[in-house]
Asks: 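Below you will find the structure I want to go over with you.
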Amino acid sequence: MNLKQIRNFSIIAHIDHGKSTLADRMLEITNTIPERKMRDQMLDTMELEQERGITIKMQPVTMKYTSRGQEYTLNLIDTPGHIDFSYEVSRALKAVEGSILLVDATQGVQAQTLTTLAMAQKAGLKIIPALSKVDSPLARVDEIKEEVMMLLDVDPDEILCVSGKTGEGVEVLLEKSIEEIEPPQEILPDTTSSRALVFDFEYSSHKGVIIYVRVMDGSIKKGDQMIFGTSKRKFFALDVGVFKPDAQSTGELSAGEIGYVVTGIKEARVAQVGDTVTLFKNPLEVLPGYMDPRPVVWASVYPESTDDFEFLKTALSRLQLSDSSLSYEEEVSGTLGRGFRIGCLGMLHLEIIGERLRREFDLDLIITSPSVTYEVMKKNGEMLTVYSSALFPNHGEVGLIEEPWVEIKIISPSEYLGNIMTLLYEHEGEAQDTETFGDGRTELVVMMPLRELMRNFFDELKSVSSGYASISYEIKEMRSADVTRMDVLVAEEPVAAFARIVSTRRAQEEAEAAVEKLYKVLPRQMFVVKIQARVMGRIIASKKLSALKKDVTAKLYGGDITRKMKLREKQKKGKKKMASMGKVNISHDVFLKMMKK
Ligand SMILES: Nc1nc2c(ncn2[C@@H]2O[C@H](COP(=O)(O)OP(=O)(O)OP(=O)(O)O)[C@@H](O)[C@H]2O)c(=O)[nH]1
Ligand SMILES: [Mg+2]
């Protein structure tokens, strides 16, 4: 295929600014999808994406479009807007030459507008700015244009106005993209070999790993023997084709094109995003790949039924083949048995992983409350990286603790600043910088412990700003942390799964909340059960769950009072014995209820 007739681009924007809806109109205009098959957010192919109305995974699609008598192949990659999925965006950007930067005309520039734009600029991409949702009665076109002009240093007439709802302006946007985005170029135009960048993959039980590639040099044909540059695994290209957005076999993918290659590989961890595939008999050098994503939060996942352990293991390895940002390691817990510690890019990511495991693999799971990573130096000089609360050393052994801090950027209408400042204080935030941003809005730069960001900060920010504030964050540095382990004891025994790492200044509050919660969900036993929270070797919250009264004498009608007394005496002894054994059987149901917010 002639490179000059190819254009590769992505759509980037803040969450919900209308990327997938704009893509729908492009699919229609280019007749990529017949009208009768069209539905809203066509590129959100996952059931969860449709249900929640958000894009989770990037989705490439190949379209044909004729402009001024010339037919073009347009490869579009729709990207997610939510911050937890920005690793998807960064990978998509390495496969294209340009990006449409969409700004919602009813909302204006938001935090993720800035971060995704910075990513695209760093990748050296041509930026095509456009306002979306201009059909809306709430659209403030002139005002928002000003914001974009400041951001990009462009003239107002360079900012297009589109509506994914009505289709207004979409053809103009396509024409402009063809005009302004550079066609792809080969790095080695004369090569007889081929190579491609792997930017994503999926797994099919029939076909094995299917890699999503951007061909950089030469062309990949069905039947070619290929090799992964880094993992060195060989395979035959069993099928080659493009996304329409369903896979459509073409037999060949040439330089500049975006499509898929079926590898037949069934084992996990061979295909890596960012790896290069090249012709086996004449391999080319490996292309620069991607930085591995750094997990932000860790949580433990256990099957509700211990028999499901192997199945959970398989499920995670499959899931990793459709979500390259997921990492996990095996872990054993005294109470919950064998499970995994999984690393995620944020709370929504963790929630989506849990939901996919339940749905796509029909697994019943216990997911512990998430924790960030702590670097602990023990008094004996030993260094530990702790991801799991239960493994956090005892207070007496701890020398120094460090935890990750993030730089967060918040954009909000200025009238909510007071509320936001209070919230920041509650979450140990330190304001660094404020700047007025456009009309009546303020941009705040704040440093905060990641631990506090993960403590429901996003939801609280939404609520104190009536949904108007937007946020992005980046992990910046490690700082010393004033945190400690809180144990929850049931009948005087600590329950590992309930251990949490809490900030010392909030220890009392957390301890009382944990005891209260367990008091509510733990069924009564045959004997009195103490529920306690312990911090730094001291019990700081405690509650007694009274015993279940089972009247052992009920069956004795009238009769002998001494016999009744004897029975009661016996029962008392029995209870005492049970209590002294300290065995309270905590059911999975109780664990589940405790893990829930
Ligand atoms: N009025 C109006 N509403 C729109 C338009 N485009 C999208 N919407 C609505 O805005 C919401 C978000 O649209 P999406 O296309 O899913 O946004 P997105 O940018 O793909 O969202 P993420 O992928 O989750 O970041 C939906 O409720 C759409 O119906 C538009 O042009 N006009
Ligand atoms: Mg979307």
Side-chain angles (χ1 to χ4, degrees), residues 9-29 33 38-61 76-93 96 99-117 119-120 128-141 144-145 148 159-174 200 243 245 323 325 345-349 351-352 355 411 458 462 467-468 470-472:
F9 60 98
S10 62
I11 310 179
I12 56 173
H14 190 74
I15 190 163
D16 274 351
H17 278 199
K19 298 174 288 294
S20 303
T21 307
L22 172 65
D24 285 348
R25 300 292 81 77
M26 292 183 172
L27 294 174
E28 261 172 20
I29 290 170
I33 291 177
M38 203 61 207
R39 54 164 173 71
D40 284 350
Q41 286 98 29
M42 191 78 207
L43 296 183
D44 290 341
T45 47
M46 224 190 291
E47 187 185 89
L48 258 180
E49 294 182 309
Q50 283 284 326
E51 244 171 59
R52 297 189 176 217
I54 55 165
T55 304
I56 294 168
K57 232 176 122 58
M58 70 168 118
Q59 177 65 54
V61 61
L76 161 70
I77 306 182
D78 181 27
T79 66
H82 193 283
I83 181 141
D84 281 15
F85 310 123
S86 47
Y87 186 53
E88 296 283 316
V89 184
S90 70
R91 295 194 332 261
L93 296 183
V96 297
S99 278
I100 294 173
L101 177 72
L102 214 55
V103 179
D104 188 330
T106 70
Q107 304 268 318
V109 171
Q110 298 289 350
Q112 285 305 101
T113 315
L114 304 181
T115 27
T116 50
L117 171 63
M119 278 195 254
I128 313 277
L131 302 192
S132 64
K133 310 193 188 178
V134 295
D135 64 278
S136 165
L138 301 172
R140 292 172 284 132
V141 172
I144 309 300
K145 263 193 181 177
V148 177
I159 304 165
L160 300 182
C161 289
V162 301
S163 163
K165 195 168 175 188
T166 64
E168 176 190 344
V170 181
E171 275 199 71
V172 182
L173 180 59
L174 281 178
D200 203 358
F243 301 99
D323 179 356
S325 57
L345 300 184
M347 302 295 264
L348 180 63
H349 188 211
E351 195 185 319
I352 297 288
E355 191 64 34
I411 297 179
F458 298 97
K462 267 230 166 78
Y468 283 113
S470 67
I471 176 169
S472 70

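Just so you know, ligand 1 is whichever comes first in the structure, and atom 1 is the first atom listed for that ligand.
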Asks: With respect to S132, determine whether any N or O atom, backbone or side chain, lies less than 3.5 Å from an N or O atom of ligand 1.
Replies: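 Min N/O separation from ligand 1 is not below 3.5 Å for S132.
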Asks: Quick one: nearest non-hydrogen protein atom to atom 24 (O) of ligand 1, plus distance?
Replies: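 Result: T55 N, 3.1 Å.
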Asks: Regarding ligand 1, does G18 bring an N or O atom to under 3.5 Å of one of the ligand's N or O atoms?
Replies: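 For ligand 1, there is an N or O atom that lies under 3.5 Å from one belonging to G18.
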Asks: One thing to verify: whether D104 and K133 come together as a salt bridge, which I'm taking to mean a side-chain N less than 4.0 angstrom from a carboxylate O.
Replies: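 D104 and K133: salt-bridged.
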Asks: Kindly determine whether T106 and R140 satisfy side-chain contact (heavy atoms from CB on, under 4.5 Å), including the steps that lead there.
Replies: CA-CA 6 Å; T106 70; R140 292 172 284 132; 5.9 Å; no
Asks: Has ligand 1 got any nitrogen or oxygen that is less than 3.5 angstrom from a nitrogen or oxygen of I15?
Replies: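 No, no N or O pair falls under 3.5 Å.
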Asks: Is G81 close to ligand 1, meaning an N/O of one under 3.5 Å from an N/O of the other?
Replies: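 Indeed, backbone or side chain, G81 has an N or O that close.
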Asks: Check ligand 1 against I54 and write out every atom of the ligand that is under 4.0 Å from a heavy-atom position of the residue.
Replies: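 Numbered from 1, ligand 1 contributes 24 (O).
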Asks: How close do C161 and V141 get, heavy atom to heavy atom, and via which atoms?
Replies: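 Taking C161 first and V141 second, the nearest heavy atoms are SG-CG1, 3.9 Å.
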Asks: Does the side-chain contact (heavy atoms from CB on, under 4.5 Å) test come out yes or no for H14 and Q107, once each step is laid out?
Replies: CA-CA 10 Å; H14 190 74; Q107 304 268 318; over 6 Å; no
Asks: So which heavy atom in the protein is nearest atom 13 (O) of ligand 1, and how far is it from that ligand atom?
Replies: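 Sorting protein heavy atoms by distance from atom 13 (O) of ligand 1 puts T21 OG1, 3.5 Å first.
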Asks: Is there a side-chain contact between S99 and L93 (heavy atoms, below 4.5 Å)?
Replies: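 The answer is yes, as the side chains (C-beta and beyond) meet within the 4.5 Å cut-off.
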Asks: I need the nearest protein heavy-atom contact for atom 8 (N) of ligand 1: residue, atom name and distance, please.
Replies: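 Scanning the protein heavy atoms, the shortest distance from atom 8 (N) of ligand 1 goes to K133 CE, 3.6 Å.
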Asks: So which heavy atom in the protein is nearest atom 16 (O) of ligand 1, and how far is it from that ligand atom?
Replies: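 For atom 16 (O) of ligand 1, the nearest protein heavy atom is Q41 NE2, 3.4 Å.
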Asks: Just let me know how H17 lines up against ligand 1, side chain, backbone, both or neither, with a heavy-atom cut-off below 4.0 Å.
Replies: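 It is the backbone that touches ligand 1; the side chain stays farther off.
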Asks: Do L43 and V61 make a side-chain contact, defined as non-hydrogen atoms from C-beta onward lying under 4.5 Å apart?
Replies: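 Touching, per the 4.5 Å side-chain cut-off.
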Asks: Name the closest protein heavy atom to atom 21 (O) of ligand 1, giving the residue it belongs to and the distance to 0.1 Å.
Replies: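 Looking at atom 21 (O) of ligand 1, the protein heavy atom closest to it is D16 N, 3.1 Å.
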Asks: What protein heavy atom sits nearest atom 25 (O) of ligand 1, and how far away is it?
Replies: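 Protein heavy atom with the smallest distance to atom 25 (O) of ligand 1: K19 NZ, 2.8 Å.
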Asks: Heavy-atom contacts with S163 under 4.0 Å: which atoms of ligand 1 show up? List them by number with element.
Replies: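 The atoms of ligand 1 under 4.0 Å from a heavy atom of S163 are 31 (O).
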Asks: I want to verify a count. Protein N, O or S atoms less than 2.8 Å away from the Mg ion (ligand 2), how many are there?
Replies: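 Number of qualifying protein atoms: 2.
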Asks: Begin from the C-alpha positions of I352 and R52 and carry the test side-chain contact (heavy atoms from CB on, under 4.5 Å) through to its verdict.
Replies: CA-CA 11 Å; I352 297 288; R52 297 189 176 217; 4.1 Å; yes
Asks: Of the non-hydrogen atoms in S325 and D323, which two are nearest, and what is the gap between them?
Replies: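 Looking at all heavy atoms of both residues, the closest pair is OG-OD1, 2.6 Å.
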Asks: Do Q112 and I15 pass the side-chain contact (heavy atoms from CB on, under 4.5 Å) test, and can you show the C-alpha distance, the side-chain angles, and the key distance before you say yes or no?
Replies: CA-CA 7 Å; Q112 285 305 101; I15 190 163; 5.9 Å; no
Asks: What's the shortest distance from atom 31 (O) of ligand 1 to any protein heavy atom, and which residue and atom give it?
Replies: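 Scanning the protein heavy atoms, the shortest distance from atom 31 (O) of ligand 1 goes to G164 N, 2.8 Å.
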Asks: Pick one: which of T55, L76, T79 meets side chain to side chain contact (heavy atoms under 4.5 Å, CB included) with I11?
Replies: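 Answer to the side chain to side chain contact (heavy atoms under 4.5 Å, CB included) test with I11 among T55, L76, T79: L76.
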Asks: Which atom names give the shortest non-hydrogen contact between Q41 and S20, and what distance separates them?
Replies: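 It is CG-CB, 3.6 Å.
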Asks: Indicate the atoms forming the closest heavy-atom contact of P80 with V89, along with that distance.
Replies: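 Heavy atoms of P80 and V89 come nearest at O-CG2, 3.4 Å.
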Asks: Look at atom 2 (C) of ligand 1 and say which protein heavy atom is nearest, naming residue and atom and giving the distance to 0.1 Å.
Replies: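 Among all protein heavy atoms, the one nearest atom 2 (C) of ligand 1 is D135 OD1, 3.6 Å.
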Asks: Looking at I12 and A120, what are the two nearest heavy atoms and their distance?
Replies: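 So the two residues come closest at CD1-CB, 3.8 Å.
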